[in-house]
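Reminder, nothing fancy here: chain letters follow the sequence lines and each chain counts from 1.
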Amino acid sequence: MSLMKTMLATSAMAVSLSLASLAGAQDYQPDPNAKPGGNIIVTYKDDVATLDPAIGYDWQNWSMIKSVFDGLMDYVPGTTELRPGLAESYEISDDGKTFTFHLRKGVKFHNGREMTAEDVKYSLDRVTTPATQSPGAGFFGSIKGYDAMADGSATSLEGVTVVDPYTVQIELSRPDATFLHVMALNFSSVVPKEEVEKYGTDFGKHPVGTGAFKLSDWTIGQQLVLTKNADYWRDGVPYLDQITFEVGQEPIVALLRLQKGEVDVPGDGIPPAKFNEVMGNPDEASHVVVGGQLHTGYITLNVEMAPFDKVEVRQAINMAINKDRIVQMINGRATPATQPLPPSMPGYTKDYAGYAFDPEKAKAMLAEAGYPDGFETELYVMNTDPNPRIAQAIQQDLSSIGVRADIKALAQANVIEAGGTPKTAPMIWSGGMAWIADFPDPSNFYGPILGCAGAVEGGWNWSWYCNKDLDAMAAEADSIVDPAKTDERLKMWSDIYMKVMEDAPWVPVFNENRYTMKSTRMGGADALYVDPVSIPVNYDYVYVTE
Amino acid sequence: MLAYLTRRLIQSALILLGVSFITFFLLYVLPADPVRQIAGRSATAETVANIRHQLGLDQPFVVQYARYLGGLVQGDMGRSYLQKTEVATLIAARLPATLLLMLGAIVAELVIGLSLGVIAAIRRGGALDQSLMITSFVAVSAPQFVVGLLLLYVFAVKLSWFPIGGYGSFSHLVLPALTLGIMGSGWYSRMMRSSMIDVLRSDYIRTARAKGLKRMRVLALHAMPNAILPIIAMIGIDIGIFMSGIVVVESVFGWPGIGQLAWQAIQRVDIPIIMGVTLVSACAIVLGNLLADMITPFIDPRIKLR
């Protein structure tokens, strides 16, 4: 057997955002047309890795775990608005450091036992224990006692207290405005101790939660079946009786089967090679729901490597890139970007136009900075379509201002390695590895990819931009926990990203759209098919019409 | 015979040891870090270091390899980095599908290859013979992913005779088995042709014809069995060829075997799975070759194993 080093997009977990859904209802209004019953088939190419909420962190298992488990917090379906989940209500202390959650009574795990505050504590201890190897452990860094858990000196989080069976209090070591979002992450899902202990490391293949669906069959390499939880604590949902996930199916095969009526949702989306064909056919295009995503594709400029250590050079590069042409190259599946935050993210600066495309001015700025004849550099890019083609477009744009960029097309893991190694990659096109938010909050686009914390060996801040003042501002903004001051906090984040744009460590290029295809019999609001936290669809609320 | 078998088994064990070392080493020097695949983007440096330590990936190469071998000797192939499931469980769940596909491919290549070979031998030198031999040359040379996609397009998409990929029934098996077997059928048709020509020239065939037996009877009962025997021994070697083909064929047809498992694991740098599948395949190849050698003396008593 030959060993190939090719690593395709192992996309990390993604949260995307429906463009239409920000204006907000308090909670979801049940669809009067929805009727219970029916089985649907969803296809995927790859196996489902795990349904353990502490481990699962890819866009495929994220939404499945959401349907099998619940956390204290949740989102209104189809939106980015928080709503209470297993917690019926919550209180935040004035200093923003103590969160008290009151749990719903009578919520049962799939094994029939009632969920209590002890389970909440157990679940948070489990996800932060090093032995669990949870990729999400770091999200809980603001809980008091986290450090002792991380270094192994404690076996239980000091800050999490069971007040009574239906009340749990979480004390933070610092105010954290994003904490309710953290409580809505899958990593915060409540799991029953006895089942985790029974299956040990194999809990991910035998998941037991409180969610709308329970696992009824898992044939490795073939299919995974979720069946309706008839005792689900939310009234009226889920509508579907059963969801069958068939794995091992190429996206192109899934599309053909959908056209024959054998598949309801192709989980991997519309294959790029068929995109124009599908969207060009009005009949088929009517079954595609289009939405925004909390995604930005960008070029990083390594500020530690000459000549990108000069801000004028970085600004000139920003003016040299023809973003419209790049968007055309990917069949218009994106919108040109002006700033790091995508338009649907709270904190996005609407009246900022970004650097205008102006090669003449860019050339003049380069000359001013001491590079009248341009310079030579390298552009790293992931080697799967369309990224090398996009890199060539960038290369052409750069050559028009005299910058000669050598394209280095490598496997994903190798580009990530180069980006996280000091003074190695002068420029990287982020395609295939770009940042997609974990939760809909502007802070999620800063720390790891633009803050000092990420500018370390093995980090994701590939421009190695580290501005201590901005880091301080970010910390200040995230300490504003009071919901009444949300606007003030978002304004601060907007200012932070505007300062980032002045320093120009990135060229924001585009924000990708999301396209979900569905069979004719699928019902439910469009927002459910581009749900910000459930990709491809919100399984709990969609239904079939026949 | 027993001494021969013992020697061959020891050799096989050494080969497998070598395969495990080379594969483990290649995965070790791979410039992709499995820990970053597990930890994802939002992990802190602390989490990354913790996972690296838990998996023992902070140890020197020799220690890592020794630990892996130590587990292997006790029948423990480790757990998948990303799925956390035991590699043995994952392989065991998928092995039947791969074996079924290989069985289908063997049947396909024998039926097609042998019958074409016989026809070509009878019509030796004629236009049919020449066109069959050109066809077999194409079959041997065609890349499997091209053959697979062509068959899929024509017989599943356009004609709808077979399902478009998947697993479960006989009709699901036909196209992938054909794809995997088509290369072998090319070889077999050529071998069968020359083997038949040799046999047809031999004295006993002439005698049979001379004593007045019908042509078809001579072909079917006297010539073919003798021509087929040397070819049967080749099936063992086919297993090795199939093992390299299943990664492609299973991915094209969505066949839930170990080739698909390997392909997914390679993309995710899931080293324990890659190691496990490689070793299982290597075992199959080694055993297949051994089997081929063991069968030979039964077919042709002139050959003695020493």
Chemist: What do you reckon, is NZ of A:Lys260 surrounded by more than 12 foreign heavy atoms closer than 6.0 Å?
Modeler: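 Check passes, neighbour count above 12.
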Chemist: Apply side chain to side chain contact (heavy atoms under 4.5 Å, CB included) to A:Asp202 and B:Arg79, showing your working.
Modeler: CA-CA 10 Å; A:Asp202 290 325; B:Arg79 280 179 184 268; 3.0 Å; yes
Chemist: Side chain, backbone, both or neither: which part of A:Val247 has a non-hydrogen atom closer than 4.5 Å to chain B?
Modeler: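 Looking at A:Val247, nothing touches chain B.
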Chemist: Does the side chain of A:Thr50 reach to within under 4.5 Å of the side chain of B:Leu82, using non-hydrogen atoms?
Modeler: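 Heavy-atom side-chain distance check fails, nothing below 4.5 Å.
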Chemist: Are A:Asp46 and B:Arg268 side-chain neighbours, meaning at least one heavy-atom pair lies under 4.5 Å?
Modeler: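 They are in side-chain contact.
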Chemist: How long is the gap from CG on B:Leu261 to CD1 on A:Ile220, to the nearest 0.5 Å?
Modeler: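 Rounded to the nearest 0.5 Å, the CG-CD1 separation comes to 9.0 Å.
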Chemist: Salt bridge check: are B:Arg94 and A:Asp47 linked by an N-O gap of less than 4.0 Å?
Modeler: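 Salt bridge: yes.
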Chemist: Using a cut-off of under 4.5 Å for heavy-atom pairs, which of A:Gly459, A:Gly248, A:Gly152 has the most such pairs with chain B?
Modeler: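 Sorted descending by pairs with chain B, the first entry is A:Gly248.
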Chemist: Is the number of heavy atoms from other residues, nucleotides or ligands within 6.0 Å of CZ (B:Phe145) greater than 12?
Modeler: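 No.
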Chemist: Could you tell me which portion of A:Phe203 (side chain, backbone, both or neither) has an atom closer than 4.5 angstrom to a non-hydrogen atom of chain B?
Modeler: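 When you check distances to chain B, no heavy atom of A:Phe203 falls under 4.5 Å.
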Chemist: Can you confirm whether A:Lys45 sits close enough to B:Gln264 that some side-chain heavy atom of one is under 4.5 Å from a side-chain heavy atom of the other?
Modeler: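 A:Lys45 vs B:Gln264: side chains apart.
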Chemist: About how many Å separate OG of B:Ser251 and CD of A:Glu250, when rounded to the nearest 0.5 Å?
Modeler: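 It comes to 7.0 Å.
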Chemist: Check the pair A:Lys205 / B:Gln83 against side chain to side chain contact (heavy atoms under 4.5 Å, CB included), numbers first and verdict last.
Modeler: CA-CA 9 Å; A:Lys205 289 271 188 301; B:Gln83 305 191 33; 3.1 Å; yes
Chemist: Have B:Lys84 and A:Gln133 got a donor and an acceptor in their side chains that come within less than 3.5 Å?
Modeler: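 Per modelled atom types, B:Lys84 and A:Gln133 side chains form a pair under 3.5 Å.
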Chemist: Applying side-chain contact (heavy atoms from CB on, under 4.5 Å), name anything that partners A:Glu417, two or more places apart in sequence or on another chain.
Modeler: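 A:Glu417 satisfies side-chain contact (heavy atoms from CB on, under 4.5 Å) with B:Asp33, B:Arg36 only.
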Chemist: Listing request: all salt bridge (Lys or Arg N to Asp or Glu O under 4.0 Å) pairs with a residue in residues 439-450 of chain A, at least two apart in sequence or in separate chains.
Modeler: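 Qualifying pairs, neighbours excluded: A:Asp441-A:Arg489.
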Chemist: Checking A:Ile416 against chain B: side chain, backbone, both or neither under 4.5 Å from a heavy atom?
Modeler: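 Backbone plus side chain of A:Ile416, per the 4.5 Å heavy-atom cut-off to chain B.
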Chemist: Please, which pairs that meet side chain to side chain donor-acceptor pair (under 3.5 Å) have at least one residue in residues 162-172 of chain B, sequence neighbours excluded?
Modeler: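 Output for this query lists B:Ser169-B:Ser171, B:Ser169-B:His172.
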Chemist: Looking at B:Gln260, B:Glu250, B:His53, B:Glu86, which has the largest count of heavy-atom pairs under 4.5 Å with chain A?
Modeler: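 Top option by heavy-atom pairs under 4.5 Å: B:Gln260.
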Chemist: Residue by residue, scan residues 148-157 of chain B and write down, ordered by number, those that have a heavy-atom distance under 4.5 Å to chain A; if none do, write 'none'.
Modeler: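 Within residues 148-157 of chain B, the residues that come under 4.5 Å of chain A (heavy atoms only) are B:Ala156, B:Val157.
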Chemist: Closest heavy-atom contact between B:Thr47 and A:Ser134?
Modeler: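 Taking every non-hydrogen atom into account, CG2-O, 3.4 Å.
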Chemist: Considering non-hydrogen atoms only, spot the tightest contact between A:Pro135 and B:Ala39 and give its length.
Modeler: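 Shortest heavy-atom contact: CB-O, 3.1 Å.
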